[in-house]
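Worksheet: one structure, shown below.
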Amino acid sequence: MNHERQVIIIGSGPAGLTAALYAARANLSPLVIEGVEAGGQLMLTTMVENWPGFRDGIMGPDLMAELRAQALRFGAEIVQGDVSSVDVSARPFTLTVSGKIYKAQALILATGASAKWLDLGVDKQLSGRGVSTCATCDGFFFRGKPIAVIGGGDSALEEATFLTRFASSVTLVHRRDTLRASKIMQDKAFANPKIHFEWNTEVVDVTDGGQGAVTGLHLKSNRTGEEKVLPVDGVFVAIGHTPNTSLFTGQLDMDAAGYLVAREGSKTNVPGVFACGDVQDHVYRQAITAAGSGCMAAIDAERYLESQGH
C-alpha cells in the first residue's frame with residue numbers, strides 16, 4: 001500500500017465518508033482511517049428517520065454501510081486502525097496508524113465527538129433500546145410515553161423542551177438544586193406543564209425488567225438517601241459531549257470546550273488541515289449537517305491542493 005497520499009481522512013462517520021466520496025470523485029485517491037469503532041455515532045442508532053431520501057427511515061448501521069460502499073465505489077481506500085499520533089508542523093503531514101507511518105499533503109479531520117454516558121454500563125448497553133443521547137434523532141419514537149432527561153445544562157433543557165412535543169411527560173433528573181442552563185432556557189422549561197423536575201437526584205440504575213428495553217430509572221436522593229423507581233419508557237442522557245481532539249492538542253486551535261475551530265468553511269489554523277462534522281460542531285450535531293461539512297472539507301482540500309500545484 002502507498003503510505004503517502006494527497007488526502008488522508010481521519011474518521012468514518014457521515015462527515016468522513018462524505019469527504020471521502022467527494023475527494024474520490026475529484027480523483028484525489030483519498031485514504032480513510034476508519035478507526036476501530038468505525039461508522040461514528042450512527043452505529044449506536046437504530047432507526048434513522050431524518051436522513052433525506054428514506055421516507056420509511058433506515059437503520060443507522062445500514063446507512064453507514066451504504067455511505068462506506070459509495071465512497072469505495074469511487075476509489076476511496078479505507079484502512080482500519082486507530083491513529084496514535086499526528087504531526088501537522090510540516091508538510092507532508094505525518095500520521096502513525098497501528099505502528100505504520102502515513103504521510104499526506106492535506107488532512108481532513110472527522111474524528112467526531114463522543115457523548116458522555118452515566119458510567120453505569122447498562123445505559124450504554126440499552127443505547128437504541130430506550131436510552132439515547134439525541135432527542136432530535138430519537139424523540140419521535142416516544143410519542144405518548146413518559147420519558148426522562150438526565151442533565152442540567154442548556155442541552156438538557158433544550159432536549160427536554162423538544163421532547164414535550166412527543167412524550168406524555170418529561171422528567172428532568174438533576175443532581176443539584178439549581179440548573180446550569182441559561183435563564184431563558186430555564187424560564188421556558190419551568191413554564192412547560194409537561195416538564196417535571198427531580199432535584200438533588202442521581203441515577204443509580206436504568207431498569208429494563210428483563211425485557212431488553214427501558215422500563216424505568218432507579219433514582220437516589222443525594223440529600224436524604226431515599227431511593228425510588230421512576231417508570232419511564234425512554235431515557236435521554238444530556239450531560240454533554242467530548243470532542244475527539246486529544247491528538248491535536250497544542251497543534252490546532254480549539255475552543256474552550258476542546259472543539260476544533262474551523263474558519264471560512266472547514267479551514268483550521270494550519271493550511272492544508274481541514275475539520276468537519278461533530279469535531280468542530282457543538283451546535284447542530286446531526287448526521288446530515290456532518291455530511292454537509294464533510295463535502296465542504298473535501299472541496300476546500302481539493303482547492304488547497306490545486307493552489308499548491310498538486
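Here the structure is a predicted model, which means the values were calculated and not measured.
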* To do: Give a yes or no on this: more than 12 heavy atoms of other residues, nucleotides or ligands lie within 6.0 Å of atom CZ of Arg73.
  => no
* Structure fact -> Interatomic distance, CG@Asp300 vs NZ@Lys267, rounded to 0.5 Å, equals 6.0 Å
* To do: Would you give the length of the straight line joining atom NE2 of His218 to atom CD of Glu202, rounded to the nearest 0.5 angstrom?
  => 12.0 Å
* Asked: Are Ile58 and Leu21 co-members of a hydrophobic cluster defined by side-chain heavy atoms under 4.5 Å apart?
  -> no
* If only atom types and distance count, is the side chain of Gln251 paired as donor or acceptor with the main-chain N or O of Leu247 below 3.5 Å? -> yes
* Please find out if less than 6.0 Å separates the ring center of Phe166 from that of Phe141. => no
* Short N-O contact, Arg5 and Glu77, less than 4.0 angstrom -> yes
* **Presence of salt bridge, Asp187 and Lys183, under 4.0 angstrom** => yes
* Rounded to the nearest 0.5 Å, how far does CG of Leu31 lie from CD1 of Ile8? -> 5.0 Å
* Shortest non-hydrogen contact between Leu120 and Val203, atoms and distance -> CD1-CG1, 3.8 Å
* Atom of Gly234, atom of Val214 and distance for their closest heavy-atom approach -> N-CG1, 4.2 Å
* Does a donor on one side chain and an acceptor on the other come within less than 3.5 Å for Lys103 and Thr94? -> yes
* Asked: Any ion pair linking Lys228 and Glu198 (charged N to carboxylate O, less than 4.0 Å)?
  -> yes
* Side-chain (Ser132) to main-chain (Phe236) donor-acceptor, under 3.5 angstrom -> no
* Would Phe74 and Tyr22 count as a ring-ring contact (aromatic ring centres under 6.0 Å, His included) if you check the C-alpha gap in whole Å, the side-chain angles of each, and the deciding distance to 0.1 Å? -> CA-CA 9 Å; Phe74 285 103; Tyr22 272 78; 9.8 Å; no
* To do: Specify the closest pair of heavy atoms between Pro52 and Ile288, including all atoms of both residues, with the distance to one decimal.
  => CD-CD1, 3.6 Å
* To do: Begin with the C-alpha distance, continue with both residues' side-chain angles, and end with the deciding distance and a verdict on side-chain contact (heavy atoms from CB on, under 4.5 Å) for Leu260 and Phe248.
  => CA-CA 9 Å; Leu260 295 179; Phe248 320 118; 4.2 Å; yes
* Asked: What's the spacing between Gln280 CD and Met254 CE if we round to 0.5 Å?
  -> 13.0 Å
* **Donor-acceptor side-chain pairing of Glu34 and Gln80 below 3.5 angstrom** => yes
* Pair Thr111, Asn244: side-chain N/O donor-acceptor within cut-off below 3.5 Å -> no
* In terms of side-chain geometry, is the basic nitrogen of Asp177 or Arg223 positioned less than 4.0 Å from the acidic oxygen of its partner? -> yes
* Asked: Under 3.5 Å, is there a donor-acceptor pair linking the side chains of Asp208 and Thr215?
  -> no
* Any salt bridge between Arg303 and Glu306, counting N to O under 4.0 Å? -> no
* Of the non-hydrogen atoms in Leu157 and Ala181, which two are nearest, and what is the gap between them? -> CD2-CB, 3.8 Å
* State whether the number of non-hydrogen atoms from other residues, nucleotides or ligands found under 6.0 Å of Lys194 atom NZ is greater than 12. => yes
* Indicate the atoms forming the closest heavy-atom contact of Ala20 with Ala71, along with that distance. => CB-CB, 4.0 Å
* To do: State whether a side-chain donor-acceptor pair under 3.5 Å links Ser221 with Thr224.
  => yes
* Asked: Going by distance alone, is a donor N or O of one side chain under 3.5 Å from an acceptor N or O of the other, for Ser182 and Asp154?
  -> yes
* Do Phe190 and Phe197 have ring centres separated by under 6.0 Å? -> yes
* Flag, side chain of Thr201 to backbone of Trp199, donor-acceptor distance under 3.5 Å -> yes
* Asked: For Phe140, is the NZ or CZ atom of Arg143 found under 6.0 angstrom from the centre of its six-membered ring and inside 45 degrees of the ring axis?
  -> yes
* Structure fact -> For Gln105 and Pro92, the nearest pair of non-hydrogen atoms, with its separation, is NE2-CB, 3.7 Å
